[in-house]
Amino acid sequence: MQMWRVILLSIANLYFFQSFSQSNYWQQKIKYKMDVHLDVVTNKINGKQQITYTNNSPDVLSRIFIHLYYNAFQPNSMMDFKSRNSEGIVIGRDRNGSIVTDWDPRFKNRIIDLAPDETGYCKVLKISSNGHDQKMKLHETILEVDLDKPIAPGSTVVFNTEFECQVPKLTRRSGRDNAEGVRYSLGQWYPKVSEYDVEGWHADDYIGNEFYGVWGDYDVSLTLDKNYKVGATGILQNPSTIGWGYDAEGTPLKEIPGRERTWKFIANNVHDFVWAADPKYKHFTRKTVGGPLLHFIYLDNPATEAKWQATADSCVMIYPFMAKNFGPYAYPVYSFLQGGGGGTEYPMATLVKDPSFESAVHEWCHSWYQMMLGSNENLYSWLDEGFADYAEARVLAWLRKADFFSGAMEYEYYFRMARSAFDEPMSTPANMFNSNLAYNTNAYYKGAVFLRQLGYIVGEDAMQKIFLEYYRQWKFKHPNPNDFIKIAEHESKMQLQWYKQYMLYTTKLIDYGIDSLWEENGVSKIRIKRFGEMPMPIDLELRFRDGSKELHYVPVSLTFGDKPKENNEQRIVHNEWPWADYTYTVEFKRRLNEIKEVEIDPTKRLADIQRRNNLLQLTW
Ligand SMILES: [Zn+2]
């Protein structure tokens, strides 16, 4: 009896466990408690971490991997090797006729030329698991830790580390003394556990591109020279001892005895932590309607003051539009920190080099695409950059009351790559692209074209639903392209796997053209031809000599569904185009000699590589 019960129970457990692990999403959970000291003379960070790691996977983990990004800023690192051995691809000539490459030659020796006290490093001096010291093996920017006791599924382990970093002189994203004179821009600055997900470990070396992290909670105490002012991911926990606008608007930094001061920040449900520090920083806040308190922390400089204020005002204006279209920003605060080498996104904060409104919008859009919807940036850089580019363009078009579609440069940049010999599939991991041209174009522009063109296929009303549903289902998780496309399919009631497959895994091109027009037995006919390899549905506009027009829609058989009418426009829906066929004949009622123009894709959302043959103008 006893025996039988035990066996039955274990079979039941096994069954439950397997069905859970196969059909249900899981993700790891981490908590960082960090005590950190920054010496502003030696530029060294010494810290202690208590890392509470919960293995929610169904797998036993016998080792963990830790990112040590600052080790990339060493002569002869892989990032240095890549810098010195890339001449870049010739992408054109400038006004003076000189060759322009996709690689800025100023970057070439940026790491090899660093003096020893300008390089960066991050050393884990000691790591223990539940009190026992663990064996470590360093692979440049990845520390492998072999565990004496594997982490069982569903269990939690506490790691304690002691670490020392030297903050590099800023050459890329993170470091000290950037071009604008900010003393510390600190991204990717601490030992950070790699993500383990359904695909396994993502122990990606840092050679220049992109990040991925474990969802978790950060409790960080930062101690440094008391005259330095700090902005960071999260909410300041000790505003009454800091002052400086954190307790009430416009208050000064509080006088305290001693030489140093500690800033305590807490950020929950994020996957990274950034901070910036400078004695010349200024700080003001702006409240958005129904959204976060925005912090602006930047170098005190009369020349840029008005620009920071204007950017702040515009950020307040755009928030309701962002929340309505992409979902509410889920944290109470967001900080724009002047620093870095351009703009780099982090949870609840960004490093931006100047008060440019466009880059502020772009980086803030990353709060949705990567910071709340935490896709793997190395594997799917377009889910992060392409989405942020698209969201930024939507926001700016709305604010400026401009047409979102006409003249979108994203298509031109994508076409430039597609026509070159350097195109690579958008599914290439960020670190594996052969050229900057292919990485940038795929991540930013083809990624944005993917979305703009999806609107062409499913209609703009469905696009809005797709974005909100994507947010609802995947915020605080790790969505991948398939998760997005399944939502797009559900919201549009169309089949879209083919679209994902062509756009991601191939470099096949779209090219449709008007082939011929004729009349036969009193019926007018237009033949459209597919010249490209990738099939698409067709919007066809007929413009008549009397000024009237007709919109024709030819669905493609792959979608198993029609795009709904857009803007209440009258249109004529034809039978679906069997996708493999090269030609399709559209019939229409009016006489041929009434036609003035025929155009494929009048809204310019189709990524048609050769738009010249899309328009036919007739002179009678
Ligand atoms: Zn971006």
Side-chain angles (χ1 to χ4, degrees), residues 16-35 47-67 124 127-131 134 142-145 147 149-161 163 188 190-204 211-221 232-235 237 265-274 330-332 346-349 367-368 370-379 384 471-480 483:
F16 171 77
F17 187 65
Q18 280 195 345
S19 64
F20 180 84
S21 69
Q22 283 164 12
S23 63
N24 282 33
Y25 175 85
W26 53 265
Q27 66 188 17
Q28 306 298 63
K29 165 91 184 172
I30 201 159
K31 279 185 185 177
Y32 288 95
K33 193 174 179 329
M34 298 198 264
D35 267 304
K48 285 188 174 155
Q49 296 173 303
Q50 185 190 74
I51 301 171
T52 309
Y53 184 82
T54 303
N55 178 13
N56 290 321
S57 83
D59 310 319
V60 174
L61 304 178
S62 59
R63 54 182 178 170
I64 63 163
F65 295 95
I66 294 177
H67 296 279
V124 173
I127 179 164
S128 64
S129 158
N130 292 341
Q134 301 298 307
I142 297 287
L143 184 71
E144 177 190 342
V145 182
L147 303 172
K149 218 175 140 238
I151 313 172
S155 67
T156 296
V157 184
V158 178
F159 296 104
N160 282 281
T161 77
F163 67 97
Q188 291 86 33
Y190 58 94
K192 185 180 170 189
V193 177
S194 301
E195 182 59 306
Y196 182 85
D197 64 18
V198 72
E199 297 179 317
W201 283 107
H202 294 276
D204 299 318
F211 310 101
Y212 187 42
V214 189
W215 282 104
D217 303 332
Y218 286 72
D219 175 343
V220 185
S221 294
T233 292
I235 301 168
Q237 299 299 302
F265 288 89
I266 283 186
N268 290 335
N269 219 3
V270 294
H271 50 75
D272 204 358
F273 185 97
V274 67
Y331 308 98
Y346 295 95
M348 298 169 80
S367 281
W368 281 257
Q370 231 266 324
M371 297 312 145
M372 289 190 281
L373 293 132
S375 43
N376 182 335
E377 273 189 293
N378 185 43
L379 279 184
D384 149 75
Y471 170 88
R472 197 184 69 76
Q473 286 191 33
W474 286 99
K475 64 174 182 296
F476 309 131
K477 293 182 186 165
H478 293 309
N480 65 39
D483 299 320

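Treat the numbers as computed from the prediction; the structure is a model and nothing was measured.
- Shown here is K31, whose NZ atom has no more than 12 heavy atoms of other residues, nucleotides or ligands within 6.0 Å.
- Ring-plane geometry between H478 and W215 is classed as tilted, the angle between the planes lying from 30 to 60 degrees on a 0 to 90 degree scale.
- Applying the ring-ring contact (aromatic ring centres under 6.0 Å, His included) rule to F265 yields no partners; only residues at least two apart in sequence or on another chain are considered.
- Pairs of residues two or more places apart, or lying in two chains, that qualify as salt bridge (charged side-chain N to carboxylate O under 4.0 Å, His left out) and include a residue from residues 191-202 are K192-D272.
- Going from atom CD of Q134 over to atom OG of S128 covers 7.5 Å, rounded to the nearest 0.5 Å.
- Atoms CG and OG1, from D219 and T52 in turn, are 10.5 Å apart once rounded to the nearest 0.5 Å.
- Listed by chain and residue number, Y53, N55 satisfy the side-chain hydrogen bond (donor to acceptor under 3.5 Å, both in side chains) test with Q28 (two or more places apart in sequence, or in another chain).
- The line from CE of M34 to CZ of F163 is 6.5 Å long, rounded to the nearest 0.5 Å.
- Closest approach of A203 to S194, counting heavy atoms only: CA-OG, 3.9 Å.
- No side-chain donor-acceptor contact under 3.5 Å links N378 and H202.
- With sequence neighbours excluded, the residues that form a side chain to side chain contact (heavy atoms under 4.5 Å, CB included) with E144 are R63, F65, K137, H139, D146.
- Applying the side-chain hydrogen bond (donor to acceptor under 3.5 Å, both in side chains) criterion to T161, with sequence neighbours excluded, gives Q49.
- By the 4.5 Å heavy-atom criterion applied to side chains, Y212 and H271 are not counted as neighbours.
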Apply the test side-chain contact (heavy atoms from CB on, under 4.5 Å) to residues W201 and I64: give CA-CA distance (whole Å), side-chain angles for both, the deciding distance (0.1 Å), then the verdict. CA-CA 8 Å; W201 283 107; I64 63 163; 3.8 Å; yes
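- Side-chain contact between L147 and F159 is present, with at least one heavy-atom pair separated by less than 4.5 Å.
- Within 6.0 Å of the NZ atom in K48, the count of heavy atoms belonging to other residues, nucleotides or ligands does not exceed 12.
- Rounding to the nearest 0.5 angstrom, the gap separating the CG atom in D384 from the CG atom in L379 is 12.0 Å.
- To the nearest 0.5 Å, atom CD1 of residue I151 and atom CG of residue D59 are 11.5 Å apart.
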Stepwise, does the side-chain contact (heavy atoms from CB on, under 4.5 Å) test hold for Y346 with V270? CA-CA 9 Å; Y346 295 95; V270 294; over 6 Å; no
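- In terms of heavy atoms, P150 sits closest to S62 at CB-CA, 4.1 Å.
- Note that the CG atom of N269 and the CZ atom of F476 stand 5.0 Å from one another [nearest 0.5 Å].
- I266 has its side chain out of reach of I235: every pair of non-hydrogen atoms, C-beta onward, lies at least 4.5 Å apart.
- By the 4.5 Å heavy-atom criterion applied to side chains, K29 and D217 are counted as neighbours.
- Using a 4.5 Å cut-off on side-chain heavy atoms (C-beta onward), T233 and Y218 make no contact.
- With sequence neighbours left out, F211 forms a ring-ring contact (aromatic ring centres under 6.0 Å, His included) with Y69, Y206.
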Determine, step by step, whether I127 and I66 satisfy the side-chain contact (heavy atoms from CB on, under 4.5 Å) criterion, reporting the C-alpha distance in whole Å, the side-chain angles of both residues, the deciding distance to 0.1 Å, and the verdict. CA-CA 11 Å; I127 179 164; I66 294 177; 3.8 Å; yes
